[in-house]
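Here's the structure, in structure tokens; my notes come after.
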Amino acid sequence: MISYIVRRLLWMIPTLFFVALITFILMHAAPGGPWDRDLSARQVDPRTQELLNKEFGLDKPLFINTEGGNPLDSQFFNYIGGALRGNLGPSYRQRGMNVEDILFKPPEGKPIWNSKFGYSLRLGLLALGLAVLFGIPLGTIGALRRNTVIDYFSLLISTIGISVPSFVLAIFLIVLLAGRLKLIKIVQQDWSSPGAWIVPGVILGFGTFAFITRLTRSQMLEVMQQDYVRTARAKGLSEKVVVARHMLRNALIPVVTIIGPALAGLVTGSFIIEQMFSFPGSGREFVQSISRRDYSMIMGTTLLYAVLVALANLTVDITYGFLDPRIKVGK
Amino acid sequence: MGALLEVKDLRTQFFTQDGVVNAVNGISYTLDEGETLGIVGESGCGKSVGVMSLIRLIPMPPGKVVGGEVWFEGRDLLKLDDDEIRQVRGNRIAMIFQDPMTSLNPVLTVGRQISEALELHLGLDKQQARRRSQELLELVGIPGAEGRLDNYPHQFSGGMRQRVMIAMGLSCNPQVLIADEPTTALDVTIQAQIVDLVKRLREELGMAIIWITHDLGVVAGLAHRMIVMYAGFIVEEATVKELYSNPRHPYTLGLLGSLPRLDEDRPERLRSIEGLPPDLIDLPVGCPFYARCTWRIERCLQENPPLAFVAHQHKAACWVDVTGVTA
Ligand SMILES: Nc1ncnc2c1ncn2[C@@H]1O[C@H](COP(=O)(O)OP(=O)(O)O)[C@@H](O)[C@H]1O
Ligand code: SF4
Ligand SMILES: [Mg+2]
């Protein structure tokens with residue numbers, strides 16, 4: 001088991017290398033650079049640009065240094081070298097800040113979960129929590145009371161959640177809750193009150209909620225047909241025990257295993273919602289760094305997200321081994 | 001002595017999109033204490049539905065027991081409320097199923113699956129139930145029983161799994177054990193072992209058994225009495241000896257004809273009865289076997305023959321006397 005995990009973790013190294021490479025290529029293929037300004041704003045003069053390029057090493061070749069000396073003294077490999085030492089480099093646009101500080105450093109005197117990434121992680125956890133808390137019961141009841149009003153309701157909700165993109169839903173809810181009903185503020189300034197989190201949390205988690213509802217329902221419908229459920233009834237067990245011990249235990253295995261990737265998806269996929277709600281998370285930071293060509297921020301955030309997804313996938317395989325005795329992890 | 005179990009005119013239907021499936025069409029029989037009753041018939045003829053109706057295990061919807069009575073220990077099981085029937089299930093009447101792989105819960109240990117009935121019906125605590133589960137595994141001949149309590153079903157072979165099922169069925173000392181094709185999914189040598197095991201347990205524990213099979217060969221050495229089912233009807237009922245030596249229904253003759261004969265030099269390929277059973281949604285008015293019967297007469301098309309005595313302890317449902325014919 002341990003050696004399996006170590007092996008999987010080692011496999012992350014080449015994965016991350018290629019993620020970095022592809023991001024790097026795409027990033028540099030996009031026109032413009034970190035010193036470009038809005039045409040209406042004051043431009044950075046060419047002399048300064050040259051100095052900046054030199055300071056940040058942007059004057060070096062992209063991949064291979066052919067000008068003699070060390071061939072790996074290039075932008076890409078210097079970045080990789082720094083990243084390996086845990087140094088994600090300085091932000092090109094937020095002066096005096098390192099990428100890891102922007103992502104992980106909380107404001108002065110605040111706990112770690114007030115960092116940008118901490119905000120996104122908490123929003124993701126909230127969204128996931130809501131999705132699980134409502135999705136599993138709704139899917140279960142839908143299956144048990146098949147073809148009743150509640151089943152149609154669960155189907156309707158999950159169809160909406162799966163087919164309507166979250167930002168469309170966000171606009172709809174903002175118009176409804178902030179515009180019409182005046183229940184929330186459109187631009188939330190104070191994220192210290194828990195109430196402010198509910199709406200972005202609900203919107204972010206809605207797709208996952210829909211997915212969990214549907215998965216639970218279909219799994220339950222399948223499990224309900226199984227012979228062992230009949231065996232359980234033949235023992236005289238009450239319906240409650242049959243559902244909880246014999247059906248849910250089986251039906252929820254796939255549901256539990258998608259929780260890790262779902263969280264990774266929510267944390268990395270929240271940038272649109274963060275942008276809409278001016279939420280101070282790493283997702284918004286990511287979007288802004290892209291439009292500003294803040295190369296090191298783009299690289300750093302992408303790699304962080306890649307690590308998250310890779311770890312999430314690893315947890316799937318490990319939890320599967322724990323939940324389903326038929327599956328042996330680590331062979 | 002009154003019968004332990006008395007089934008009267010039991011009818012079960014399934015209400016499907018295509019129509020009403022007449023799965024069990026008014027069957028009546030009795031089961032005496034300690035007796036083993038075999039139920040045979042081709043697949044789809046209502047054997048499983050017939051016995052599952054007794055303890056109301058029919059999936060509802062689409063199924064429904066639409067008529068009849070099931071008398072057991074002075075009560076009609078069909079009239080009990082849900083709590084009462086649950087106290088009968090697994091406790092007084094236990095059931096084991098055909099496929100031991102799919103009939104055990106893959107994510108629970110076999111110890112847990114045996115002990116849950118013990119805790120429920122006998123009120124044992126966790127430790128007592130565990131000890132009793134171990135004894136049961138020993139009883140059904142599973143080697144190293146103690147260590148195997150914590151194993152999962154997939155860690156057992158097919159035959160061993162069926163032994164676990166039997167241990168589970170017998171855990172609360174039921175009066176009646178219903179075995180629904182318990183050996184069909186197993187290979188021949190294992191089948192024989194399971195039959196021997198059940199014989200031994202019957203001797204030791206004295207429960208009555210309803211043994212369902214579509215294979216006349218397997219029950220021959222086990223059952224005292226036999227019921228032959230066709231299209232949801234009982235078409236013949238007799239003691240084992242009588243049924244094999246003096247079958248009185250053309251369908252039974254056909255079934256016996258499709259048995260591999262030991263006295264033949266070269267075992268021929270199984271001969272089976274030509275044709276298919278009738279559509280249970282659209283049953284014929286007359287004899288349900290008419291379309292496949294080589295003995296049929298005019299009357300068979302108009303009237304369905306009732307199950308009637310043809311000899312001592314021998315009933316058949318046929319308009320024609322087929323006495324004396326051997327398969
Ligand atoms: N859940 C169900 N829905 C509809 N029809 C069913 C259902 N279960 C059984 N039946 C029908 O009942 C008939 C008898 O089935 P069954 O008792 O399982 O046969 P067998 O003799 O092989 O055990 C079959 O023809 C089958 O089509
Ligand atoms: S009643 Fe007629 S059709 Fe039916 S089994 Fe007897 S002879 Fe055949
Ligand atoms: Mg059957």
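Convention: sequence-line order gives letters A, B, ...; per-chain numbering from 1. Remember, it's a predicted structure, so these values are computed and weren't measured experimentally.
- Within 6.0 Å of the CD atom in B/E138, the count of heavy atoms belonging to other residues, nucleotides or ligands exceeds 12.
- In this structure, chain B has a heavy atom under 4.5 Å from the backbone of A/L323, while its side chain stays farther away.
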Quick check - list every chain B-chain A donor-acceptor pair under 3.5 angstrom, one line each.
residue, atom, partner, partner atom, Å
B/G90, N, A/A234, O, 3.0
B/T102, O, A/Y228, N, 3.1
B/T102, OG1, A/D227, OD2, 2.6
B/S103, O, A/T231, OG1, 2.7
B/N105, OD1, A/N250, ND2, 2.9
B/N105, ND2, A/H246, ND1, 3.0
B/V107, O, A/R249, NH2, 3.2
B/Q113, O, A/K235, NZ, 2.7
B/E116, OE1, A/R245, NH1, 2.4
B/E116, OE1, A/H246, NE2, 3.2
B/E116, OE2, A/K235, NZ, 2.5
B/E116, OE2, A/H246, NE2, 2.8
B/H121, NE2, A/K235, O, 2.6
B/H154, NE2, A/P325, O, 3.4

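- At a 4.5 Å heavy-atom cutoff, B/M101 makes no contact with chain A through either its backbone or its side chain.
- Only the side chain of B/L120 comes within contact range of chain A, with at least one heavy atom under 4.5 Å from a heavy atom of that chain.
- When all heavy atoms are compared, the tightest approach of B/P106 to A/P325 is O-CG, 3.3 Å.
- Atom CZ of B/F15 has more than 12 heavy atoms from other residues, nucleotides or ligands within 6.0 Å.
- Heavy atoms from other residues, nucleotides or ligands lying under 6.0 Å from CD1 of A/I2 number 12 at most.
- If you tally non-hydrogen atom pairs under 4.5 Å between each of B/I85, B/I55, B/L108 and chain A, the highest count goes to B/L108.
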